[in-house]
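Report on the structure given below.
Order of the sequence lines fixes the chain letters, A, B, ..., with proteins taken first and strands second; residue numbering starts at 1 for each chain.
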Amino acid sequence: MNLISELRWRGMIQDIKPGTEEQLEKEMTTAYVGFDPTADSLHVGNLVPIMLLKHLQRAGHKPLALVGGATGMVGDPSFKAEERKMLDLDTLAHNLRSIQAQLEKYLDFDPSKPNSAEMVNNYDWFKNITFLDFIRDVGKHITVNYMMAKDSVKKRLDGDSGMSFTEFSYQMIQGYDFYHLYNQKNCKMQMGGSDQWGNIVTGTELVRRLGGGEAYAFTCPLIKKKDGTKFGKSESGNIWLDANKTTPYQFYQFWLNADDDDAENYIRIFTFLEEAVINSLIAEHREDAGKRLLQKKLAQEVTTFIHGAEGYEKAIKTSEILFGKASIETLRSFSEEELIHVLTGVLQYEMPAASLTEGKDVVTFLAEAGIFSSKGEARKTIQGGGVSLNGSKLTGVDLIIDESSLLNGKSILFQKGKKNYYLVRMV
RNA sequence: GGGCAGGUUCCAGAGUGGCCAAAUGGGGCGGACUGUAAAUCCGCUGUUUCGACUUCACAGGUUCGAAUCCUGUCCUGCCCA
């Protein structure tokens with residue numbers, strides 16, 4: 001099956017330039033996706049472009065991952081209501097390095113292969129271009145009218161926060177990337193999320209006007225959740241690919257908690273399972289949705305892809321302990337080491353052991369440990385019946401935490417709500 | 001540079017001298033139900049030693065008392081140049 005039809009049944013094609021499919025049939029094609037260095041780790045939202053590159057490479061084409069050292073300095077205004085904060089150079093450089101390291105884990109960079117992945121940083125070519133050169137050589141070819149007509153900037157043009165020239169230039173800069181890669185790397189195609197369509201088309205336009213060549217592109221629909229909320233967030237914030245920011249357990253839980261309808265889409269987009277396999281999984285899931293077969297398979301596949309089999313195993317184990325039949329008695333039976341091991345991935349906090357000798361009221365304890373940002377919040381949540389200590393719900397705020405509260409040796413397990421576990425270790 | 005309209009708690013957006021820690025909606029969090037879903041319903045949503053304390057762009061001022069009035073500063077939008 002060719003790349004486009006593969007992606008099509010997976011629901012990963014939104015817009016596509018005419019001729020793209022033919023180009024991919026014709027020869028090994030180099031295509032690129034851009035990654036924004038807004039943080040020092042990629043997150044699940046970036047997983048889509050990673051999957052695109054991965055599929056591309058599997059189909060025998062050559063993936064190019066562009067990290068936006070230059071574009072990151074400007075900030076993409078596409079569909080955003082407000083200008084975002086600019087990052088300083090040090091942060092940017094740090095983020096770039098981290099992101100590069102991550103990408104290397106997911107794509108095949110083996111240079112002996114003809115379609116090995118490559119990484120490029122647009123800062124490398126932009127740092128030598130002067131402003132005057134740019135506006136003369138590049139800016140000349142695109143009209144402001146054309147740029148303003150883009151849906152992606154409409155929000156800002158109509159909105160009440162305005163758009164700086166810096167941001168407005170963004171699409172030109174990204175467009176130039178495409179032209180540059182077309183020239184230097186024979187890169188004829190760009191992919192991305194559908195929010196990038198405007199920027200991408202500016203690129204193909206530049207390739208045509210400036211280089212007289214034909215460039216291709218397609219975009220993937222933005223991942224939407226059924227309830228319309230933003231994909232890629234959980235109670236505790238962004239879901240990162242970096243195990244230090246989002247542990248494999250949390251990562252696994254994120255996928256496991258997917259809504260039934262969402263899971264049907266996700267499994268097509270975020271796994272490499274074949275169509276027949278996925279269809280039978282979906283059918284089976286619909287038989288008895290309560291088993292959440294689909295979510296489990298989805299979580300397994302994605303967690304394994306990102307964190308490896310070992311990360312997945314641990315995530316499963318922790319999940320079974322916390323959500324399975326195992327009671328608090330099971331937890332008590334573990335030694336200190338076993339406890340830490342089995343709960344890897346659960347958020348861990350530390351408190352000085354000394355605070356237990358005299359005892360501390362729960363509210364203060366939870367606030368000081370950092371589980372709640374203030375005592376008031378801790379108190380209100382407890383009063384609302386939202387906090388459990390070692391598996392049993394707290395009924396009042398006047399409990400004293402002391403040595404008798406220890407689960408086993410040195411730790412206390414708190415639970416906020418149904419799914420948020422916190423292990424407080426006494427040190 | 002000129003004119004006009006604005007800057008309120010996470011967001012949107014009321015409030016125009018005391019009844020304002022500030023309506024309402026959204027979001028977030030928690031509870032019930034359930035499948036660690038969805039939908040629905042309910043509660044919470046500045047801090048607190050619960051006496052208070054710090055908030056309504058910033059700095060001053062008027063007043064017994066200001067988010068609300070005055071002066072200056074900064075920022076934003078719209079229109080004109």
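- If you take atom P in B/C29 and the same atom in B/A39, they sit 13 Å apart, rounded to whole Å.
- For the C1' atoms, the distance linking B/U49 with B/C74 amounts to 39 Å, nearest Å.
- When the options A/Tyr312, A/Tyr106, A/Phe251 are evaluated for a ring pair (Phe, Tyr, Trp, His ring centres under 6.0 Å) with A/Phe305, the one that passes is A/Tyr106.
- Pairing of B/U36, defined by two Watson-Crick or G-U wobble distances under 3.5 Å, is not identified with any nucleotide.
- Between the P atoms of B/C19 and B/U71, the separation comes to 25 Å (whole Å).
- Computed from coordinates, the A/Asn265 CG to B/A37 P distance equals 20 Å when rounded to whole Å.
- A straight line from NZ of A/Lys375 to P of B/A52 spans 19 Å, rounded to a whole angstrom.
- When ring centroids are compared, A/Tyr349 and A/Phe414 stay outside the 6.0 Å threshold.
- Once rounded to the nearest 0.5 Å, the distance linking CZ of A/Phe178 with CG of A/Leu206 reads 10.5 Å.
- Using C1' as the reference atom, B/C44 and B/U36 are 22 Å apart when rounded to the nearest Å.
- To the nearest angstrom, P of B/C50 lies 12 Å from CG of A/Asp361.
- Between A/Phe270 and A/Phe231, the ring centre distance stays below 6.0 Å.
- A/Arg425 places no side-chain N or O within 3.5 Å of a backbone atom of A/Glu350 that could act as its donor or acceptor partner.
- The same atom, C1', is picked in B/C78 and in B/U68; the two are 25 Å apart, to the nearest Å.
- Taking atom CG of residue A/Asp288 and atom P of nucleotide B/U34, one finds them 16 Å apart after rounding to whole Å.
- With B/G30, B/U49, B/G31 as the candidates, the nucleotide lying closest to the side chain of A/Asn420 is B/G30.
- Between A/Lys297 and A/Glu301, at least one side-chain nitrogen of the basic residue sits less than 4.0 Å from a carboxylate oxygen of the acidic one, meeting the salt-bridge criterion.
- Dashed line: the shortest gap from a side-chain N or O of A/Thr381 to OP1 or OP2 of B/G30 is not under 4.0 Å.
- For the segment residues 292-314 of chain A, the set of residues with a heavy atom within less than 4.0 Å of an atom of RNA chain B comprises A/Arg292, A/Gln295, in numerical order.
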Could you list the donor-acceptor pairs under 3.5 angstrom formed by side chains in residues 359-370 of chain A, with sequence neighbours left out?
from	atom 1	to	atom 2	distance (Å)
A/Lys360	NZ	A/Glu368	OE1	3.0
A/Asp361	OD1	A/Thr364	OG1	2.6
A/Asp361	OD2	A/Val363	N	3.4
A/Asp361	OD2	A/Thr364	N	3.2
A/Asp361	OD2	A/Thr364	OG1	3.0

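- Here A/His307 and A/Tyr252 keep their ring centres 6.0 angstrom or further from each other.
- Residue A/Met189 holds its CE atom at 12.5 Å from OG1 of A/Thr204, rounded to the nearest 0.5 Å.
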For residues 396-405 of chain A, please give each side-chain donor-acceptor pair under 3.5 Å, one per line with the distance, not counting sequence neighbours.
from	atom 1	to	atom 2	distance (Å)
A/Asp402	OD1	A/Ser404	N	3.0
A/Asp402	OD1	A/Ser404	OG	2.6
A/Ser405	OG	A/Asp402	N	3.1
A/Ser405	OG	A/Asp402	O	3.1

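- Residue A/Gly384 is classed as a sugar-phosphate contact, given heavy-atom separations below 4.0 Å to backbone atoms only.
- With rounding to whole Å, A/Tyr266 atom OH is found 13 Å from B/A37 atom C1'.
- B/A5 and B/C50: their P atoms are spaced 48 Å apart (whole Å).
- B/U62: no Watson-Crick or G-U partner with both key distances under 3.5 Å is found in any strand.
- Nucleotides B/G7 and B/U54 place their P atoms 25 Å apart, quoted to the nearest Å.
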Pairs: protein N or O with nucleotides 75-81 of chain B N or O, under 3.5 Å:
from	atom 1	to	atom 2	distance (Å)
B/U76	O2'	A/Asp160	O	3.1

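- OP1 or OP2 of B/U34 has not a single side-chain nitrogen or oxygen of A/Lys418 nearer than 4.0 Å.
- Across the strands present, B/C41 finds its partner in B/G31; the criterion is a Watson-Crick or G-U wobble pair with both atom distances under 3.5 angstrom.
- Using modelled atom types, no side-chain atom of A/Arg8 and backbone atom of A/Leu3 make a donor-acceptor pair closer than 3.5 Å.
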Output a table of donor-acceptor pairs, distance under 3.5 Å, between side-chain atoms of residues 40-53 of chain A and any protein atom two or more places apart or on a different chain; print 'none' if there are none.
from	atom 1	to	atom 2	distance (Å)
A/Asp40	OD1	A/Lys245	NZ	3.0
A/Asp40	OD2	A/His94	NE2	3.2
A/Ser41	OG	A/Gln102	NE2	2.9
A/Ser41	OG	A/Asp242	N	3.3
A/His43	ND1	A/Gly45	N	3.0
A/His43	NE2	A/Asn46	OD1	3.4
A/Asn46	OD1	A/His43	N	2.9

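- Following rounding to the nearest Å, A/Lys416 (NZ) and B/G28 (P) show an atom-to-atom distance of 13 Å.
- No engagement by A/Glu377 is indicated, since no non-hydrogen atom pair under 4.0 Å with the nucleic acid exists.
- Across all strands shown, B/C80 is found opposite B/G1 as a Watson-Crick or G-U wobble partner, with both distances under 3.5 Å.
- For the pair A/Asp15 (side chain) and A/Phe218 (backbone), a donor-acceptor distance under 3.5 Å is absent.
- With a 3.5 Å ceiling on both atom-pair distances, the Watson-Crick or G-U wobble partner of B/C10 is B/G26.
- The pairing partner recorded for B/G46 is B/C53, the criterion being a Watson-Crick or G-U wobble arrangement whose two distances lie under 3.5 angstrom.
- Positionally, the nearest nucleotide of RNA chain B for A/Tyr252 lies more toward the 5' end than for the other of A/Tyr252 and A/Ser374.
- For the P atoms, the distance linking B/G6 with B/G15 amounts to 11 Å, nearest Å.
- For the pair A/Gln253 CD and B/A37 P, the computed distance is 10 Å after rounding to whole Å.
- If you check every strand for non-hydrogen atoms under 4.0 Å, A/Lys291 touches nothing.
- Side chain of A/Ser319, nearest nucleotide from B/A32, B/G35, B/U36: B/U36.
- Between A/Gln14 and A/Ser194 the shortest heavy-atom distance is CG-CB, 3.7 Å.
- Phosphate proximity of B/A37 to A/Lys419: present, with a side-chain N or O under 4.0 Å from OP1 or OP2.
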Shorter than 3.5 Å, N or O on both sides, protein versus nucleotides 38-45 of chain B: list them out with atom names.
from	atom 1	to	atom 2	distance (Å)
B/A38	O4'	A/Asp259	OD2	3.4
B/A38	O2'	A/Lys226	NZ	3.0

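- In this structure, the CG atom of A/Asp398 is 14 Å from the P atom of B/C50, given to the nearest Å.
- Nearer to the 5' terminus of RNA chain B, by closest-nucleotide assignment, is the contact made by A/Leu256 (compared with the other of A/Arg379 and A/Leu256).
- A donor-acceptor pair under 3.5 Å is formed between the side chain of A/Asn420 and the backbone N or O of A/Lys416.
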